[in-house]
> 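Encoded as structure tokens, here's the structure I'll be asking about.
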Amino acid sequence: IELDAPINFSSMQKIKMKVWSPQSGITVKMKLENLANSNINIERDVTLNVANGWEELTFDFAGITNSNNYQRVVVFFDFGNAGTGASYYFDDIIQSN
């Protein structure tokens, strides 16, 4: 997801996202990237606990450097495993403290 402006983490350093997954125990990775240089990035992993239902995940980016101008959000489901054709859904991505 490419954003109109970089994310400002000065007061809120967490990102929450609602996720629906067909299985529990998988790793969901959120990666934030600089638009001009994708080598400037930061990643956080969260493990899903709910199968066949919605769960709110929290990615903690405490200590992040605002000057890196993160303006792209990338989400990976079941990170580290080959794709199986399963469907995953996400909604309501918000910044939080």
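Since the structure is predicted, the reported quantities are computational estimates derived from the model, not experimental observations.
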> If you group Ile, Leu, Val, Met, Phe, Trp and Tyr whenever their side-chain heavy atoms sit less than 4.5 Å apart, what else falls in with Phe79?
Val74, Phe76
> Listed by chain and number, what are the side chain to side chain contact (heavy atoms under 4.5 Å, CB included) partners of Ser10, not counting sequence neighbours?
Asn8, Asn66
> Verify, without hydrogens or angle tests, whether Gln71 (side chain) and Asp4 (backbone) share a donor-acceptor contact under 3.5 angstrom.
yes
> Between Ile15 and Phe61, is any pair of side-chain heavy atoms under 4.5 Å apart?
yes
> Closest heavy-atom contact between Ile26 and Ser21?
CD1-OG, 3.8 Å
> Donor-acceptor pair, Gln95 side chain versus Met12 backbone, under 3.5 Å?
yes
> Starting from Ile94 and following side-chain heavy-atom contacts under 4.5 Å between hydrophobic residues (I, L, V, M, F, W, Y), which residues can be reached?
none
> Going only through I, L, V, M, F, W and Y residues with side-chain contacts under 4.5 Å, is there a path from Val46 to Phe90?
yes
> So Thr58 and Lys14, do their side chains get closer than 4.5 Å, heavy atoms only?
yes
> So how far is it from Tyr70 OH to Leu3 CG, rounded to the nearest 0.5 Å?
13.5 Å
> Quick one: side chain to side chain contact (heavy atoms under 4.5 Å, CB included) partners of Pro22, sequence neighbours excluded?
Trp20, Asn52, Ala86, Tyr88
> Which residue pairs pass the salt bridge (Lys or Arg N to Asp or Glu O under 4.0 Å) test when at least one of the two sits in residues 75-85, sequence neighbours left out?
none
> Ignoring hydrogens, what is the shortest heavy-atom contact between Val75 and Phe77? Give both atom names and the distance.
CG1-CE1, 3.7 Å
> Write out all pairs satisfying salt bridge (Lys or Arg N to Asp or Glu O under 4.0 Å) with one or both partners inside residues 88-97, taking only residues at least two apart or from two chains.
Lys18-Asp92
> Looking at every heavy atom in both Leu35 and Glu2, which two are closest together, and how far apart are they?
CD2-CG, 3.4 Å
> Identify each donor-acceptor pair in which a side-chain atom of residues 27-34 lies under 3.5 Å from a protein atom, sequence neighbours left out, and give them as a table.
residue: Lys29; atom: NZ; partner: Glu43; partner atom: OE1; Å: 3.2
residue: Lys29; atom: NZ; partner: Asp45; partner atom: OD1; Å: 2.9
residue: Lys29; atom: NZ; partner: Asp45; partner atom: OD2; Å: 3.4
residue: Lys31; atom: NZ; partner: Glu33; partner atom: OE2; Å: 3.4
residue: Glu33; atom: OE1; partner: Arg72; partner atom: NH1; Å: 3.1
residue: Asn34; atom: OD1; partner: Ala36; partner atom: N; Å: 2.8
residue: Asn34; atom: OD1; partner: Asn37; partner atom: N; Å: 3.0
residue: Asn34; atom: ND2; partner: Asn68; partner atom: O; Å: 2.8

> Output all residues satisfying side chain to side chain contact (heavy atoms under 4.5 Å, CB included) with Ala62, sequence neighbours left out; order by chain, then residue number.
Gln13, Asp60
> Can you see which heavy atom on Met17 is nearest to which on Phe59, and at what distance?
CE-CE1, 3.9 Å
